[in-house]
Amino acid sequence: MSATGERLLVLQHITCEPPAAYEDEMRAWGVELHRVEVDEGDPLPEWREFAGIVAMGGPMGAYEDDRLPWLTAEKRLIADAVHNDCPYWGVCLGSQLLAASLGAPVFPGPAAEVGVLPVFTTAAAVDDPVFAEAPPEFVALQWHGDTFELPDGAVQLARSDAYEQQAFVFKRAYALQFHIEIDAALATEWGDVPAYAQSLTELLGPGALPTLIEQVRASEAASTGLARRLFGRWLERVVGLSRARTG
């Protein structure tokens, strides 16, 4: 299948958390993005019109339906799409939404995981069509306080010292709790979000943001490169697009 003319549905939950390096890879493959700002009230389209779904992060919890009723509709869309074999790529909140949509509990963890920290792949990752590209250990930006249980029928692909669930696959759907797609410039934008800045100060103390940004800058070339390689394998081996690229 050629990538030309293919469209992916991108679900965003805050403006400062776009697909970043994943978006760079989509554009390199000639894939068209249909971006929906779910938190801004953009309507959810018919998922069957798209070759796959990319769901990004956000400051809300996947379980906050009472406060944010649109979460219910979004999880219903994700469940319907994934159970019908639609390719899915979920990052941070997007991974938690996938877990919740598959019936797994999502809940606040014992302590927030924040910083550029090691992630370890599991034995199952070696034979996975996407995560076989990942090394046994790599660093990724972590900035979350919620976690989830592994959904029934899913295969765990990665873990960290703080949280057992860092990545999993269910059918053609992938969940990544960590961020390898962003660079220092985007991390700086996150620090400008009051809720993010407050949580960072509470967790790591005053002045933590510049240190975190420098950590991201030091690892961004390796991280974004890995993000694009993994996502490229997903586009090719899961979504079924051609290797031919436009840029």
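As a basis for the values below, the full set of heavy atoms in this structure was taken, side chains included, without hydrogen atoms, waters or symmetry mates.
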Report the residues that fulfil side-chain contact (heavy atoms from CB on, under 4.5 Å) with [X], sequence neighbours left out, ordered by chain and then residue number.
X	result
Thr122	Ala124, Ala125, Gln156
Pro135	Phe138, Leu226
Ala208	Leu200, Leu204

Could you pull out all residues at least two apart from [X] that satisfy side chain to side chain donor-acceptor pair (under 3.5 Å)?
X	value
Tyr163	none
Tyr174	Asp128
Asp183	none
Glu220	none

_Let's go through Val54 and Met56 carefully: what are the C-alpha distance in whole Å and the side-chain angles of both, what is the deciding distance for side chain to side chain contact (heavy atoms under 4.5 Å, CB included) to 0.1 Å, and is it a yes or a no?_
CA-CA 7 Å; Val54 177; Met56 298 306 299; 3.9 Å; yes
So, [X] versus [Y]: side-chain donor-acceptor pair below 3.5 Å or not?
X	Y	value
Trp70	Asp39	no
Arg159	Gln165	no
Glu25	Trp29	yes

*Considering all heavy atoms, the nearest Val139-Ser219 contact*: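 Smallest heavy-atom distance, with atoms named: CG2-CB, 3.9 Å.
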Without placing hydrogens or testing angles, list every side-chain donor-acceptor pair under 3.5 Å for residues 101-116, not counting sequence neighbours.
{"from": "Ser101", "atom 1": "OG", "to": "Lys75", "atom 2": "O", "distance (Å)": "3.2"}
{"from": "Ser101", "atom 1": "OG", "to": "Leu97", "atom 2": "O", "distance (Å)": "2.7"}
{"from": "Glu113", "atom 1": "OE1", "to": "His144", "atom 2": "NE2", "distance (Å)": "2.7"}
{"from": "Glu113", "atom 1": "OE1", "to": "Gln166", "atom 2": "NE2", "distance (Å)": "2.9"}
{"from": "Glu113", "atom 1": "OE2", "to": "Ser160", "atom 2": "OG", "distance (Å)": "2.7"}

_Summary of salt bridge (Lys or Arg N to Asp or Glu O under 4.0 Å) pairs that have at least one residue in residues 84-108, sequence neighbours excluded_ =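 Those involving residues 84-108 are Asp85-Lys171.
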*Partners meeting ring-ring contact (aromatic ring centres under 6.0 Å, His included) with Phe131 (sequence neighbours left out)*: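 ring-ring contact (aromatic ring centres under 6.0 Å, His included) list for Phe131, sorted by chain: empty.
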*By ring-ring contact (aromatic ring centres under 6.0 Å, His included), which residues pair with Phe168, not counting sequence neighbours?*
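Scan of Phe168 (ring-ring contact (aromatic ring centres under 6.0 Å, His included), adjacent residues dropped) gives Phe148.
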*Test side chain to side chain contact (heavy atoms under 4.5 Å, CB included) on Leu141 and Ile182 and set out the steps.*
CA-CA 8 Å; Leu141 174 63; Ile182 76 163; 3.2 Å; yes
Does a side-chain heavy-atom distance below 4.5 Å link [X] with [Y]?
X	Y	value
Leu98	Trp89	no
Glu37	Thr15	yes
His34	Glu49	no

_Is it the case that the side chain of Asp42 and the backbone of Val36 share a donor-acceptor pair, with hydrogens and angles ignored and the cut-off at 3.5 Å?_
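Between the backbone of Val36 and the side chain of Asp42 there is no qualifying donor-acceptor contact (under 3.5 Å).
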*Give a yes or no on whether the backbone of Ile14 and the side-chain of Glu17 come within a donor-acceptor separation of less than 3.5 Å.*
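No, the answer is negative, given that no donor and acceptor are paired below the 3.5 Å cut-off.
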*Report whether Trp47 and Trp234 are members of the same hydrophobic cluster (ILVMFWY, side-chain heavy atoms less than 4.5 Å apart, transitive linking).*
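Unlinked, Trp47 and Trp234 end up in two clusters.
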*Under the side-chain hydrogen bond (donor to acceptor under 3.5 Å, both in side chains) rule, what pairs show up with a residue in residues 185-195, not counting sequence neighbours?*
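Qualifying pairs: none.
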*Run the salt-bridge test on Glu32 and Arg27 with the 4.0 Å N-O cut-off and return the result as yes or no.*
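No, Glu32 and Arg27 are not salt-bridged.
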*Only one of Ile78, Leu9, Ile53 clears side-chain contact (heavy atoms from CB on, under 4.5 Å) with Cys86; which?*
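For Cys86, the side-chain contact (heavy atoms from CB on, under 4.5 Å) test succeeds with only one of Ile78, Leu9, Ile53, which is Ile53.
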*So Tyr88 and Arg172, side chain to side chain contact (heavy atoms under 4.5 Å, CB included) or not? Walk me through it.*
CA-CA 7 Å; Tyr88 178 94; Arg172 302 172 76 197; over 6 Å; no
*Check step by step if salt bridge (charged side-chain N to carboxylate O under 4.0 Å, His left out) holds for Glu236 and Arg233.*
CA-CA 5 Å; Glu236 179 186 0; Arg233 287 175 73 103; over 6 Å; no
